[in-house]
**Student:** 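One structure follows; several queries about it will come next.
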2 protein chains.
Amino acid sequence: MDKNNAPQPLYTAHGKPAGRIRQKNEESILAAAAEEFARYGFKGTSMNAIATRAGLPKANVHYYFNSKLGLYVEVMRHILELWDTAFDDLTVDDDPATALAEYIRIKMEFSRRHPEASKIFAMEVISGCECLSEHFNKDYRNWFRGRAAVFDAWIAAGKMDPVDPMHLIFMIWSSTQHYADFSDQIRRINGKRMTRADFARASDNLIAVILKGCGLTPPPTPER
Amino acid sequence: MDKNNAPQPLYTAHGKPAGRIRQKNEESILAAAAEEFARYGFKGTSMNAIATRAGLPKANVHYYFNSKLGLYVEVMRHILELWDTAFDDLTVDDDPATALAEYIRIKMEFSRRHPEASKIFAMEVISGCECLSEHFNKDYRNWFRGRAAVFDAWIAAGKMDPVDPMHLIFMIWSSTQHYADFSDQIRRINGKRMTRADFARASDNLIAVILKGCGLTPPPTPER
DNA sequence: GTCTATACTGCGATAGAC
DNA sequence: GTCTATCGCAGTATAGAC
């Protein structure tokens, strides 16, 4: 009976702390799957490749995640959890320049630290959002309208230029995600990977152009 | 012997104008392949799906294009032909505002008219540019450096703010291609496809923000 | 829990009748 | 030039020994 009272890391029928192994393996598989899905999309990825990358036999992947689609949605779920945490608490009383600069910096940091997540999301959207169809539900559209409303309020208050909020958000999304999704193109163009300092410079540039373009004065660059 | 003197639309051994059929079929296949590759990438696309979409038996696709990879590079070649035609003749003497606005408008028009081309390119880059490795050669990097040099000259002449040319180009590329690559996300967010007028508004917004962000005065919007 | 062996399907590609 | 039939292989998924 004690077994049933155990917390989240479940125990097996043998009473052994197999949760440890399970957790470790599931993480390996999820990480391997993320890399493969980021490169080849859902259809282009094979369970074999995922298993090999995770250092496990193919059957084990099916043991932990029943099907390829199941594994995919799990990977997707993890990504969407990482996402959308910022920019949630945006209000009319915030300073537009500070809020926008902060959002751009957060998005860029995400591109730098989780490029695979961005790529998987991009692949999924390009492929027609078959798996994300329920993600773009009423809640999501309401979130989007909420942010747009704040922009409109700022504009009405004369705090910034009359820029279409939707297109502004798209602009921020695309220009920041670009550094994750197209990292290979960037690498080939200037012959080397983007360093942390390169990302900082890119952030500064984006913030300078976008904020000035909206009639805002960029806040001072934070210390680095 | 006359057969051998015939111009490009070749004739078959039967002397019939089979070039017509060949041309028509090849076009169908290329169009079908573009749609499939745009959705599923190279690995995720099957020759069967292409053949079905083109309304031909699978074997015919192999007859016209020897292999899947051959067909893919052919599709890619067509795309790269469409691309990169604009912005080539940029010189220091051009007016920055006019030139940038024009480039943004051209890129947006491309996103509107050839979304599949943009998607295939995006997929290829996200997948690591395996097929495009030779596309990013010295010539390409020189092209890029050439444009950047013009920006630097404009900046040195005090015609625009000191914006990093590379990041500015990335910004224009990403924000315009976004309307092609992420069209599905956009459609789901605001419940309908972007119309021609929507694209025009998006262009105007991008031009307004980016040009002002670079310290430039946008030229008057052309008549529509 | 783990892994080998295997069922079954769909893939890219080709042979060969028409 | 066109299309059916088929080869060989890689794909997802599962059964069952350990």
Side-chain angles (χ1 to χ4, degrees), chain A residues 3 6 8-30 32-33 35-37 39-75 127 130-131, chain B residues 3-4 6 8-30 32-33 36-37 39-75 127 130-131:
Chain A
K3 292 202 291 274
Q8 271 310 1
L10 293 171
Y11 287 70
T12 71
H14 313 296
K16 284 187 186 170
R20 280 269 174 80
I21 300 175
R22 169 174 281 271
Q23 201 177 343
K24 194 171 71 74
N25 284 349
E26 284 184 352
E27 276 172 20
S28 311
I29 294 170
L30 282 171
E35 293 192 55
E36 290 294 323
F37 285 136
R39 235 176 129 75
Y40 304 111
F42 176 70
K43 281 190 69 176
T45 294
S46 78
M47 295 294 264
N48 208 343
I50 294 172
T52 303
R53 190 184 279 273
L56 290 168
K58 189 169 58 159
N60 284 32
V61 180
H62 272 95
Y63 171 71
Y64 288 113
F65 302 89
N66 283 330
S67 69
K68 186 182 174 183
L69 184 62
L71 175 52
Y72 184 69
V73 302
E74 201 59 26
V75 170
S127 302
E130 281 174 20
C131 177
Chain B
K3 292 202 292 272
N4 294 331
Q8 269 310 2
L10 294 170
Y11 287 70
T12 70
H14 315 294
K16 283 186 187 170
R20 280 268 175 78
I21 300 174
R22 170 174 279 272
Q23 201 177 340
K24 194 172 71 72
N25 283 349
E26 284 184 353
E27 276 173 20
S28 310
I29 293 170
L30 283 171
E36 290 295 324
F37 285 136
R39 238 178 126 76
Y40 303 110
F42 176 70
K43 280 191 70 179
T45 294
S46 78
M47 294 295 264
N48 209 342
I50 294 172
T52 303
R53 191 185 277 273
L56 290 167
K58 187 171 60 159
N60 284 33
V61 179
H62 272 95
Y63 172 70
Y64 288 113
F65 302 89
N66 283 330
S67 69
K68 186 183 174 184
L69 184 62
L71 174 52
Y72 184 68
V73 302
E74 201 58 26
V75 169
S127 302
E130 282 175 19
C131 177

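Small disclaimer: the values here were computed from a predicted structure and weren't measured. Chain naming here is simple, since letters A, B, ... match the order of the sequence lines and numbering starts at 1 in each.
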**Student:** NA contact type, B/Tyr64, heavy-atom cut-off 4.0 Å: base, sugar-phosphate, or nothing?
**Tutor:** sugar-phosphate
**Student:** If we check side-chain contact (heavy atoms from CB on, under 4.5 Å) with B/Leu30, which of these qualifies: B/Asn25, B/Val75, B/Ile50?
**Tutor:** B/Val75
**Student:** How far does OG1 of B/Thr45 sit from CZ of B/Arg39, to the nearest 0.5 angstrom?
**Tutor:** 10.5 Å
**Student:** How many Å lie between CD1 on A/Ile29 and C1' on C/dG1, as a whole number?
**Tutor:** 12 Å
**Student:** Please report, rounded to the nearest Å, how far the P atom of D/dA10 is from the NZ atom of A/Lys68.
**Tutor:** 16 Å
**Student:** If I compare all heavy atoms of B/Asn60 with all of B/Ile29, which pair ends up nearest, and what's the gap?
**Tutor:** O-CD1, 4.5 Å
**Student:** Please produce a list of atom pairs where a protein N or O lies less than 3.5 Å from an N or O of nucleotides 3-9 of chain C.
**Tutor:**
| from | atom 1 | to | atom 2 | distance (Å) |
| --- | --- | --- | --- | --- |
| C/dC3 | OP2 | A/Asn60 | ND2 | 2.9 |

**Student:** Looking only at heavy atoms, what is the nearest atom pair of A/Ala51 and A/Lys58, with distance?
**Tutor:** CB-CA, 3.6 Å
**Student:** Please determine if a side-chain N or O atom of B/Asn25 lies less than 4.0 Å away from the OP1 or OP2 oxygen of D/dT2.
**Tutor:** yes
**Student:** Kindly compute the distance separating CD (B/Gln23) from OH (B/Tyr64), expressed to the nearest 0.5 Å.
**Tutor:** 11.0 Å
**Student:** Apply side chain to side chain contact (heavy atoms under 4.5 Å, CB included) to B/Arg20 and B/Lys24, showing your working.
**Tutor:** CA-CA 6 Å; B/Arg20 280 268 175 78; B/Lys24 194 172 71 72; over 6 Å; no
**Student:** When you check the phosphate oxygens OP1 and OP2 of D/dA13, does a side-chain N or O of A/His62 lie under 4.0 Å from one of them?
**Tutor:** yes
**Student:** Enter the distance from A/Met47:CE to A/Glu36:CD here, rounded to the nearest 0.5 Å.
**Tutor:** 11.5 Å
**Student:** Whole angstrom is fine here: how far is it from CZ in B/Arg22 over to P in D/dT2?
**Tutor:** 8 Å
**Student:** Using ring pair (Phe, Tyr, Trp, His ring centres under 6.0 Å) as the criterion, list what pairs up with B/Tyr72, not counting sequence neighbours.
**Tutor:** B/Phe37, B/Phe42
**Student:** Taking OH from B/Tyr72 and P from C/dG12, how many angstroms apart are they, rounded to a whole number?
**Tutor:** 14 Å
**Student:** Figure out the CD/C1' separation between B/Glu36 and C/dG12, and round it to whole Å.
**Tutor:** 15 Å
**Student:** A/Ala54 and A/Ser28: which non-hydrogen atoms are nearest, and at how many Å?
**Tutor:** CB-O, 3.9 Å
**Student:** Is there a residue in residues 39-50 of chain B whose heavy atoms reach under 4.0 Å of DNA chain D, and which residues are they?
**Tutor:** none
